[in-house]
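Here's the structure we're looking at; comments come further down.
These numbers were taken from a predicted model, which means no experiment stands behind them. What you see below is based on every heavy atom in this structure, not just the backbone, and it leaves out hydrogens, waters and symmetry mates. The first residue in the sequence is number 1, and the count goes up from there. Counting starts at 1 for both ligands and their atoms, in listed order.
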Amino acid sequence: MKYTSPPPSVFQAHREQFILKMQPGCAAVFFSNDLVVTNGDGHYPFIQESNLYYLTGIDQEDTILFLFHDSPRPQFREVLFIRRTNQEIKIWEGEKLTKEQASAISGIETVMYTDEFENFFLTQVYLIQGFYLYFNEHDRNRLFYPTASHRFAYKLQQQFPALKIERAAPILYALRMIKSEEEIEQIKRAISITAQAFERVAKFVKPGVYEYEIEAEIIHEFIRNRSRRPAYEPIVASGANACVLHYIANNKQCKEGDLVLLDFGAEYGNYASDLTRTIPVNGKFTPRQKEVYMAVCRVFEYAKSLLIPGNQLETYTQEVGAFMQEELKQLGLLTEKDIQNASPSSPAYKKYFPHGVSHHLGLVTHDNSLRFTPFAPGMVLTCEPGIYIPEEGIGIRLENDILITENGPQDLMEMIPMHWEAIENLMNT
Ligand code: GLY
Ligand code: MN
Ligand code: MN
């Protein structure tokens with residue numbers, strides 16, 4: 001692996017915490033993600049299923065985790081199944097994990113081959129009341145992709161219709177929202193790579209460069225620092241392109257006098273980072289750009305101050321929206337009448353700030369989480385207000401990753417320049 005794995009105790013602890021929340025007599029089965037065909041004999045890069053990784057640390061295809069704490073046979077309480085390798089795989093793909101390596105990474109003593117799972121399962125199923133399975137549950141996801149878990153559930157229902165299927169997602173999300181020290185270390189490493197990439201592009205950007213050239217600089221810096229990929233597709237949006245929130249075409253030339261919005265983050269060891277900076281293409285903000293920029297900075301600081309234990313995402317978002325509304329008024333973008341005439345479900349600020357303020361960050365960029373759970377120490381959320389004015393060709397977003405602690409918000413990206421003067425200094429020295 002390009003990255004350094006946390007010790008097995010991290011994954012052991014995750015399994016112990018998960019098992020504590022399971023109903024007695026039940027088992028849980030987790031599957032790795034499929035390799036998915038693109039075209040012909042090509043496939044998408046393999047990215048491990050987040051929960052399987054969270055519980056085992058195994059970053060290889062064809063992996064299954066079986067947990068049955070109440071098994072009468074202690075050696076079968078935790079069983080890891082890994083891909084059986086052979087000479088041909090060795091020639092074409094190289095080394096795969098041995099059982100000893102898989103055991104050392106995960107801390108699981110019983111390791112078998114995936115082709116043995118079916119038989120093993122048939123010897124256990126008669127002892128089990130129900131199965132906890134994970135189906136990708138995310139309140140922003142609109143795509144359905146049938147996973148190995150779906151196939152397993154379908155088979156269970158056909159063959160053993162009296163068995164219950166339980167949702168693993170709520171248990172896992174409650175656990176995954178609170179990051180351990182080792183997980184925070186991985187996020188910090190991802191952030192440090194992202195910070196290096198920002199420094200590189202801040203010095204690279206000048207009138208005439210193409211957005212894709214900036215993207216190439218970012219990716220170059222990621223890969224040479226042991227990130228395997230961006231945590232999400234980088235957004236490099238100059239001028240009015242920045243008003244397209246998920247602009248990823250990255251194919252325009254950066255023009256003198258425009259801003260360029262850079263939203264990118266490296267992954268490291270499966271953990272994401274998520275940064276946004278908006279910088280002047282020529283290294284100097286115009287007075288109007290600076291005015292809007294400083295308004296976004298103030299909203300950022302206000303929002304960050306509310307990332308404390310006990311606050312809750314929905315009310316936090318409303319409070320930040322109200323603060324933003326005042327800033328938009330000062331900028332001459334909204335009037336008191338606009339604000340009064342808007343309905344509570346569609347407040348006036350949405351016209352210039354149409355997205356949320358924060359999302360959880362972890363194994364996924366928009367990390368799986370429980371929306372109504374109050375903020376608590378150990379959570380990592382982004383803080384990302386923005387103002388988008390298409391008619392002025394201005395889109396400004398600022399985004400840092402914040403750790404919630406008992407002593408208040410800890411900005412994990414505070415070393416990355418944000419103040420307009422710091423940005424100008426960085427670009428011009
Ligand atoms: N880059 C996606 C986001 O900031 O949420
Ligand atoms: Mn974000
Ligand atoms: Mn982002």
Side-chain angles (χ1 to χ4, degrees), residues 47 50 138-143 176-177 179 187-188 190-198 201-202 211 214-215 218-219 221-222 227 229-238 241-250 259-268 270-279 293 296-297 299-301 303-304 306-307 313-314 316-317 320-321 324 350 352-369 371 375 379-388 395-404 409-414 416-418 423:
I47 297 181
S50 300
H138 195 294
D139 58 8
R140 293 278 189 261
N141 180 38
R142 298 292 173 269
L143 302 173
R176 277 175 49 191
M177 279 195 297
K179 273 72 182 175
I187 293 174
K188 282 184 177 169
I191 286 173
S192 131
I193 299 170
T194 301
Q196 281 173 263
F198 176 68
V201 294
E211 292 164 349
I214 300 172
E215 184 181 0
I218 292 167
I219 304 291
E221 199 63 26
F222 282 3
S227 166
R229 65 187 86 91
Y232 52 91
E233 287 194 68
I235 298 169
V236 182
S238 60
N241 298 332
C243 301
V244 178
L245 297 179
H246 284 167
Y247 174 84
I248 50 169
N250 301 352
L259 296 171
V260 57
L261 182 153
L262 309 161
D263 183 345
F264 61 87
E267 75 88 47
Y268 181 82
N270 289 312
Y271 284 85
S273 57
D274 187 1
L275 170 83
T276 308
R277 288 292 183 271
T278 309
I279 64 177
Y293 191 92
V296 179
C297 269
V299 182
F300 170 85
E301 291 299 336
K304 186 164 91 170
L306 298 180
L307 289 172
L313 191 63
E314 304 253 314
Y316 157 81
T317 306
V320 176
M324 171 64 93
K350 289 273 180 197
Y352 295 101
F353 175 38
H355 58 80
V357 191
S358 293
H359 55 81
H360 287 261
L361 179 88
L363 286 167
V364 183
T365 304
H366 295 170
D367 208 18
N368 301 87
S369 60
R371 178 170 289 275
F375 298 155
M379 289 182 179
V380 178
L381 287 108
T382 63
C383 182
E384 50 180 305
I387 296 178
Y388 310 89
I396 297 173
R397 177 165 66 255
L398 295 169
E399 175 176 27
N400 278 8
D401 304 337
I402 315 293
L403 170 66
I404 294 180
Q410 185 186 328
D411 190 337
L412 302 177
M413 287 181 156
E414 71 184 349
I416 306 177
M418 180 187 281
I423 296 286

Ring pair (Phe, Tyr, Trp, His ring centres under 6.0 Å) partners of F300, counting only residues at least two apart: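 Not a single residue meets the ring pair (Phe, Tyr, Trp, His ring centres under 6.0 Å) criterion with F300.
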Could you list the residues that satisfy ring pair (Phe, Tyr, Trp, His ring centres under 6.0 Å) with H355, not counting sequence neighbours?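 If we apply the ring pair (Phe, Tyr, Trp, His ring centres under 6.0 Å) test to H355, skipping adjacent residues, the hits are F353, Y388.
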Look up atom SG in C243 and atom CD1 in I396, then write down how far apart they are to the nearest 0.5 Å.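 One gets 9.5 Å once the value is rounded to the nearest 0.5 Å.
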Which of the atoms in ligand 1, numbered in the order shown and given with their element, are less than 4.0 Å from a heavy-atom of [X]?
| X | answer |
| --- | --- |
| H366 | 2 (C), 3 (C), 5 (O) |
| Y232 | 1 (N) |
| E399 | 4 (O) |

What are the protein N, O or S atoms, given as residue plus atom name, that sit under 2.8 Å from the Mn ion (ligand 2)?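 Atoms qualifying: D274 OD2, H359 NE2, E384 OE2, E399 OE2.
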What I want to check is whether the side chains of [X] and [Y] have a donor and an acceptor closer together than 3.5 Å.
| X | Y | answer |
| --- | --- | --- |
| N368 | H360 | no |
| D263 | Y232 | yes |
| Y316 | S358 | yes |

So for ligand 1, is R397 a polar contact partner (N or O within less than 3.5 Å, distance only)?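 No, there is no polar N/O contact under 3.5 Å.
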Taking the six-membered ring for Trp, are F264 and F222 parallel (under 30°), tilted (30 to 60°) or perpendicular (over 60°)?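 F264 and F222: tilted rings.
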Would you check if the side chain of T365 reaches a backbone N or O of A231 as a donor-acceptor pair within less than 3.5 Å?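 Looks like yes, one N/O pair under 3.5 Å.
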When you look for heavy atoms under 4.0 Å from ligand 1, do you find them on the side chain of H359, its backbone, both, or neither?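 It is the side chain that gets close, since no backbone atom is under 4.0 Å.
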Hey, is D274 touching ligand 1 through its side chain, its backbone, both or neither, going by heavy atoms under 4.0 Å?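 Side chain only.
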Which residue and atom name correspond to the protein heavy atom nearest atom 4 (O) of ligand 1, and how close is it?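 The protein heavy atom lying closest is E384 OE1, 3.0 Å.
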From the options D263, I248, L361, select the one whose nearest heavy atom is closest to atom 1 (N) of ligand 1.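 Nearest option to atom 1 (N) of ligand 1, by heavy atoms: D263.
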Which one of K188, Q410, M379 satisfies the side chain to side chain contact (heavy atoms under 4.5 Å, CB included) criterion with L403?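 That would be Q410; it is the only one of K188, Q410, M379 passing the side chain to side chain contact (heavy atoms under 4.5 Å, CB included) with L403.
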Mind checking side chain to side chain contact (heavy atoms under 4.5 Å, CB included) for R140 and listing every partner two or more places apart, or none if nothing turns up?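 In terms of side chain to side chain contact (heavy atoms under 4.5 Å, CB included), with neighbours along the sequence ignored, R140 is linked to H138, R371.
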